[in-house]
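Written out below as structure tokens is the structure these notes cover.
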Amino acid sequence: MGIVNIDDELHEQLRRASKVSCRSINAQAGFWIKVGMLCETNPTRSFNEIMERELISAGVSAQSLAATA
């Protein structure tokens, strides 16, 4: 494992985001790095398409949240 040197403001944003998403600061940084890499290597796909593909590949079955009226 290596050390990544980031500026103080980005670290603060990581700390805040990690609380919202219930991840450690390191897990949040890892998530952002992975998603950023996937976005760069799949520039024609939206964030939602990338996340859907990742969830499916992990075996997660998310049901539609269609509004019930």
Side-chain angles (χ1 to χ4, degrees):
M1 176 187 344
I3 295 175
V4 177
N5 190 13
I6 59 173
D7 65 38
D8 291 339
E9 179 56 32
L10 182 55
H11 187 271
E12 181 62 20
Q13 293 299 318
L14 273 167
R15 186 185 65 76
R16 291 177 184 174
S18 70
K19 287 182 180 181
V20 172
S21 57
C22 300
R23 296 182 182 110
S24 69
I25 293 173
N26 286 343
Q28 184 66 41
F31 176 75
W32 280 355
I33 291 168
K34 181 177 182 177
V35 170
M37 185 177 70
L38 289 169
C39 288
E40 283 189 351
T41 57
N42 296 279
T44 61
R45 293 185 183 234
S46 71
F47 170 79
N48 288 338
E49 290 170 332
I50 289 170
M51 293 309 298
E52 179 181 23
R53 187 184 70 184
E54 290 299 300
L55 288 169
I56 289 169
S57 71
V60 175
S61 174
Q63 294 180 347
S64 175
L65 297 176
T68 55

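Note: the hydrophobic cluster containing V35 does not contain I56 (ILVMFWY, side chain heavy atoms under 4.5 Å, direct or indirect links). Both W32 and I6 are part of a single hydrophobic cluster, where members link through side-chain heavy atoms under 4.5 Å apart.
Residue M51 comes nearest to F31 through the heavy atom pair CE-CE1, 3.8 Å, listed as atom of the first residue, atom of the second, then distance.
Judged as a salt bridge (charged side-chain N to carboxylate O under 4.0 Å, His left out), the pairs with a partner in residues 14-34 (not counting sequence neighbours) are, in order, E12-R15, E12-R16, K34-E54.
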Would you please test L14 and S18 for side-chain contact (heavy atoms from CB on, under 4.5 Å) and show each step?
CA-CA 6 Å; L14 273 167; S18 70; over 6 Å; no

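The line from CD1 of I50 to CD of E52 is 11.5 Å long, rounded to the nearest 0.5 Å. Distance SG/C39 to CZ/R45: 11.0 Å, rounded to 0.5 Å.
Checking side-chain atoms of E49 against main-chain N and O of S46 turns up a donor-acceptor pair under 3.5 Å.
At most 12 heavy atoms of other shown residues, nucleotides or ligands fall within 6.0 angstrom of atom CG in D8.
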